[in-house]
Structures are given as C-alpha cells and as structure tokens.
Visitor: 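Pasting a structure below so you can have a look.
In what follows, chains carry the letters A, B, and so on, assigned in the order in which the sequence lines appear, proteins first and then strands, with residues in each chain numbered from 1.
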There are 2 protein chains.
Amino acid sequence: MVPVVVTTGVDGRRTGRRPATSAAELEHLALQMFTKRGFEETTVDDIARAAGIGRRTFFRYFASKNDVPWGDFDGQLEVMRASLAAATAGEPMLAVLRRAILDFNTYPPAEGDWLRRRMTLILRTPALQAHSTLRYASWRGVIAEFVARRAGQPVDALAPQAVAATHLGVSVAAYEQWLRAEGADLVALLDEALGLLATGFQAI
Amino acid sequence: MVPVVVTTGVDGRRTGRRPATSAAELEHLALQMFTKRGFEETTVDDIARAAGIGRRTFFRYFASKNDVPWGDFDGQLEVMRASLAAATAGEPMLAVLRRAILDFNTYPPAEGDWLRRRMTLILRTPALQAHSTLRYASWRGVIAEFVARRAGQPVDALAPQAVAATHLGVSVAAYEQWLRAEGADLVALLDEALGLLATGFQAI
DNA sequence: GACATTAGTGGCACTCGGTGTCGAAAGTGA
DNA sequence: TCACTTTCGACACCGAGTGCCACTAATGTC
C-alpha cells in the first residue's frame, strides 16, 4: 500500500533530500485546476507540470488522482474514533453517534469554502463518487467498531454494519442537500437527517 | 453513453450481421474467469480471447469491465419501480418499501449460485465496490422517487434521499451478512435489517 | 446473381492512470 | 571530502477505455 505521506514540512527532519512540495500544497493546486477545468479534463501530467514536479513524484504524494480531494481524512477519522471511545457508558448509543458525527463535520468557518469545493467534486464527479466508497469504508469501520463494542456483538455483525451504513447514508444525503442550497447550515442538515434516522422516518 | 445491449438472440432480427455472442453469455464466461483467477488478474483481453471476439467488441457488450457482473440490473429496477408505483395509497410507506425490496432480491433458487458469485465479486473487489456506487445510484433514485411522491416532496429533498440511502445501506449490510454465512437466507436477513432501520435501531 | 442496405465486428492507434526500476539530486553529519 | 539518507524524476511498461474505419455477414430487391 502506498502510505500517502502527509509531509508537513514542520517536522525536525534529520537527513536526506527535502521534499519538493507537500500533499497539502499539491491538493490546493489540483483542486483549483479541477474546479476550473473539470476533474476528468485535468490529467495528472497537467498537475505535475503545474506543480513543477515529475509525474512519478505526484504518485508519491497521492496514491491515486482520486485521493487528492480527501485531505487528511484518515487523521480526522482517528479523532472521531477517539471521541467515540471516550464516550461515557451512560450516554445512549445513538446520541453518542450523533454528537460524534456532528463534531466530525464541524469545520472552522475559514475552511468552509474548501470543504464545499472538495465535496462538490467528490459528490458530483462520477469517478470520485465511486472512489468515495473505498474511503467511506474506514468511516463505516469506526462507527461499526463503536456500535459493536456497545452492543457486545462482532464488528462484522448485521446490526453494527447496518448502523454504520445508515449513518453514512444520511450524512451523505445531508451533504448533498448542503451543496444544493447556497447558504445552508451543514451541521443543522446533518442533525435533521440523523433525527429522521433515529425515529425510523416517522416524520415523513 | 454506451447502450449495453442485451442481445437476446430470440428477437426476430431483420437484417445485418448477427452478433457474435450475447451479453449474458459473455457475463457467464467472464464471471467464471473472475472467480477462478481474480478480477484484477483477468484482463479484458483475456476475456475477449476466451470468448473468441475482439477486444473492441467486448466494449460493445459492456460499457466497462466493471459492469460485467451486474446482469440485467436496470431491467430488474424497472420491475421494482412498477411495483412501487402500483402500491395502494393505504399501505404504509415503509411497508411498501420493505416488500418491494424483498421482492427485488428474491431470486429463483436456480440463480442463487450465480447471485452469490456475482455479489461476492461486487462486494469484495475494491474496484467493483467502488463502481457499485454508480449502479446503486439508480436504485436509490427509484426509492427516492417513490418516497417523494408519497411525501409530496421534491425527489432531491433530504427525506426521500435519506430514506433511499439508508435502505440501500441496510440492504448491502444484509448482503454482506449473507455472503459471510454459507447457508443464510438472504430475504430473512434483508427483512431483519429493514426491521432494525424501521424501528430506529431500538433493538440494539 | 449482382446490388444496395444494414448491423455488427475487430484491428489500429491513441490517451490516461498507475507501477517497477534505477540512477541522480540534494540534503545530513563525520 | 566521504558516507549515508531521502526524495526525485526519467523511462519503460501494463491495462482500461475510445475514436476511427474498413470489413464481414446478413437481408431484401431488381
């Protein structure tokens, strides 16, 4: 597996040639190009050329072109995992999940614009839509892990997997709603969607 | 878009050269090869050679290698759409959905083996997992359409999309469960999963 | 039987994403 | 200066997918 190194450049590097760029910088550049010319229309060669690096080097920063818009998804995921693990046993399971998911999707206002750009790409570009399934798998894993622990069931049992899959489903639905409405509040939409789910869609 | 012709060979063809094979025949052959050697390890060239057709011709039967294991998914989808449309207004929405989904996944016993083979490929091969999102989109569309009509909301509103996404989620979770247990009853698992969803996971 | 017509075939060349290899570049410390 | 380490990037290669186009094989007509 390719590591997808998040070269921060802030580390106390000891030796060896310095990286020519960083994943964050590359992502920033690529996202601009994707937004301007379209995802399919922008080749990896284009990005590498624009970044002044070799095509081969691009693939040392990202495992695939599809992975570019995901930022530090795995890092964020670890935060959510920790948050779920820290929940007190008294708090109801769905309540914990709800809070964790809202937290996971709470971004500083300054990042709102990039989030919108990233999610527009991911949710509206077929190739990225498809690829998202693979990234979402680890998200589902974190949820399922938590539910399984709570319910005393195996992670791969029906209930934990069903909870994870449905929570992912409503989250994505909320994101799509958010993208459609210009000034919408993402967290409010997520909360509404999770509410529908928790009540078995009685409100409809 | 490539039409993905389902050449039955039973039609009263009038004129022109006859197709060298059929999508069903090609799918059958390809699935055997995928199961034996693996999906990634089997190239389109391999399949075409084994089928005695040109590589170019393969892509007239299937829009992509990823589309091979999907059989007549779109046709089945139309049946479900019709079934939903035919539901009486009195029957509760979730009950209609539940029945339609169970029907959609009820196969003649003879096809059970192929279904398992197909779903194993789709759910366990990363490339096919990813691609499935694109095929599932139309499935979700059919559900959302029905819910929207019932609820008097736009198809792209939050509630219809959330209902569709969650029903897809639990269905896939049930399928994964079915694949894991050798002699499991798919319809029973789907029913159980849909039950969990309808009750807001109170049983957990 | 020669003919147009029609539908399907398949070879060719090309683009693009992705990978393995390997030598060169650019840092570090001794 | 030299050894060591890390990253870079050129090159060659593979496989999916596409546009193009001539060819094949079927039908019906004069």
Side-chain angles (χ1 to χ4, degrees), chain A residues 1-23 25-26 30 33-34 37-70 121 125-128 130-131 134, chain B residues 1-26 30 33-34 37-70 125-128 130-131 134:
Chain A
M1 281 301 99
V2 183
V4 185
V5 191
V6 181
T7 315
T8 56
V10 197
D11 55 304
R13 181 179 312 285
R14 272 167 302 277
T15 175
R17 179 173 177 168
R18 264 183 293 252
T21 178
S22 72
E25 206 176 325
L26 221 42
M33 297 176 74
F34 291 158
R37 306 182 214 171
F39 182 79
E40 302 290 357
E41 290 70 27
T42 310
T43 70
V44 171
D45 272 298
D46 291 337
I47 302 167
R49 208 174 306 123
I53 61 172
R55 166 194 159 69
R56 191 67 185 80
T57 300
F58 173 90
F59 287 107
R60 289 210 184 82
Y61 286 90
F62 296 99
S64 75
K65 186 185 167 187
N66 290 332
D67 281 304
V68 171
W70 286 86
L121 276 169
T125 308
L128 292 177
H131 182 71
L134 304 179
Chain B
M1 285 294 101
V2 183
V4 185
V5 191
V6 181
T7 315
T8 56
V10 198
D11 54 304
R13 183 178 311 286
R14 274 167 303 277
T15 175
R17 179 173 179 168
R18 262 181 295 249
T21 180
S22 71
E25 207 176 325
L26 221 43
M33 299 176 73
F34 291 158
R37 303 182 216 170
F39 181 80
E40 302 290 357
E41 290 70 27
T42 310
T43 70
V44 171
D45 271 297
D46 291 337
I47 302 168
R49 209 175 304 121
I53 61 172
R55 168 195 157 70
R56 192 65 185 79
T57 301
F58 172 90
F59 286 106
R60 290 211 183 80
Y61 286 90
F62 296 99
S64 76
K65 187 185 168 187
N66 289 332
D67 281 304
V68 171
W70 287 85
T125 309
L128 292 177
H131 181 71
L134 304 178

Visitor: Give every donor-acceptor pair under 3.5 Å between a side-chain atom in residues 46-57 of chain A and any protein atom, sequence neighbours left out.
Guide:
unit_1	atom_1	unit_2	atom_2	d
A/Asp46	OD1	A/Thr43	OG1	3.4
A/Asp46	OD2	A/Thr43	N	3.0
A/Asp46	OD2	A/Thr43	OG1	3.2

Visitor: Please list, by residue number, the residues of residues 49-56 of chain A whose heavy atoms come closer than 4.0 Å to an atom of DNA chain C; answer none if no residue qualifies.
Guide: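 Correct list: A/Arg55, A/Arg56.
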Visitor: Determine whether A/Phe34 and A/Lys65 satisfy the following criterion, side chain to side chain contact (heavy atoms under 4.5 Å, CB included), listing intermediate values before the conclusion.
Guide: CA-CA 11 Å; A/Phe34 291 158; A/Lys65 186 185 167 187; 4.0 Å; yes
Visitor: Between D/dC8, D/dT18, C/dG18, spot the one nearest the side chain of A/Phe59, thanks.
Guide: C/dG18
Visitor: Roughly how far, to the nearest 0.5 Å, is the CH2 atom of A/Trp70 from the CG atom of A/Leu121?
Guide: 11.5 Å
Visitor: Heavy atoms only, 4.0 Å cut-off, all strands: where does A/Thr57 land among base, sugar-phosphate and nothing?
Guide: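 The residue A/Thr57 makes base contact.
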Visitor: Using every non-hydrogen atom in the two residues, find where A/Tyr61 and A/Pro19 come nearest and quote the distance to one decimal.
Guide: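 Heavy-atom minimum between the residues: OH-CB, 3.4 Å.
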Visitor: Walk me through whether B/Val68 and B/Phe39 qualify under side chain to side chain contact (heavy atoms under 4.5 Å, CB included).
Guide: CA-CA 11 Å; B/Val68 171; B/Phe39 181 80; 5.9 Å; no
Visitor: Are any protein N/O atoms closer than 3.5 Å to N/O atoms in nucleotides 28-30 of chain D? If there are, list each pair with its distance.
Guide:
none

Visitor: Atom CG of B/Asp67 and atom P of D/dA16: how far apart are they, to the nearest Å?
Guide: 14 Å
Visitor: Using whole Å, report how far CD of A/Glu40 lies from P of D/dT18.
Guide: 11 Å
Visitor: Given atom CG of B/Asn66 and atom C1' of D/dG15, what is their separation to the nearest angstrom?
Guide: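 Nearest whole value for this atom pair: 12 Å.
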Visitor: Which one, C/dG17, D/dC8, C/dG8, comes nearest to the side chain of A/Ala20?
Guide: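 Per side-chain heavy atoms of A/Ala20, the pick is D/dC8.
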Visitor: Is a donor on one side and an acceptor on the other found under 3.5 Å between the side chain of A/Thr125 and the backbone of A/Ala127?
Guide: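 No, the answer is negative, given that no donor and acceptor are paired below the 3.5 Å cut-off.
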Visitor: Over how many whole Å does the gap from A/Phe34 atom CZ to C/dG17 atom C1' extend?
Guide: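 Roughly 12 Å, once rounded to whole Å.
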Visitor: Taking the side chain of A/Thr43 as heavy atoms from C-beta outward, which of C/dG18, D/dG9, C/dC16 is closest to it?
Guide: C/dC16
Visitor: Roughly how many Å is it from NE2 in B/His131 to P in D/dA16, rounded to a whole number?
Guide: 14 Å
Visitor: Can you find a side chain N or O atom of B/Tyr61 that sits less than 4.0 Å from OP1 or OP2 on C/dG8?
Guide: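 For C/dG8, neither OP1 nor OP2 has a side-chain N or O of B/Tyr61 closer than 4.0 Å.
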Visitor: Just the table, please: protein N/O against nucleotides 2-4 of chain C N/O, every pair under 3.5 Å.
Guide:
none

Visitor: Is there, by distance only and without an angle test, a donor paired with an acceptor across the side chain of A/Thr15 and the base of C/dG29 below 3.5 Å?
Guide: no
Visitor: In whole angstrom, what separates B/Arg60's CZ from D/dT18's P?
Guide: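 After rounding, the gap between these two atoms is 12 Å.
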Visitor: Just how far, in rounded Å, is P of D/dT18 from NZ of B/Lys65?
Guide: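 After rounding, the gap between these two atoms is 15 Å.
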Visitor: Would you mind reading off the distance between B/Phe58 atom CZ and D/dT18 atom P, rounded to a whole angstrom?
Guide: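 In whole Å, D/dT18 P and B/Phe58 CZ are 11 Å from each other.
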Visitor: Grab the two heavy atoms, one from A/Ser64 and one from A/His131, that are nearest each other, plus how far apart they are.
Guide: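 Heavy atoms of A/Ser64 and A/His131 come nearest at OG-CE1, 4.1 Å.
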Visitor: Any non-hydrogen side-chain atom of A/Phe62 less than 4.5 Å from a side-chain atom of A/Val44?
Guide: no
Visitor: Just the table, please: protein N/O against nucleotides 22-25 of chain D N/O, every pair under 3.5 Å.
Guide:
unit_1	atom_1	unit_2	atom_2	d
D/dT24	O4'	B/Arg17	NH1	3.4
D/dT24	O2	B/Arg17	NH1	3.3
D/dA25	N3	B/Arg17	N	3.4

Visitor: Work out which heavy atom in B/Pro126 is nearest to a heavy atom in A/Leu134; give both atom names and the distance.
Guide: O-CD2, 3.6 Å
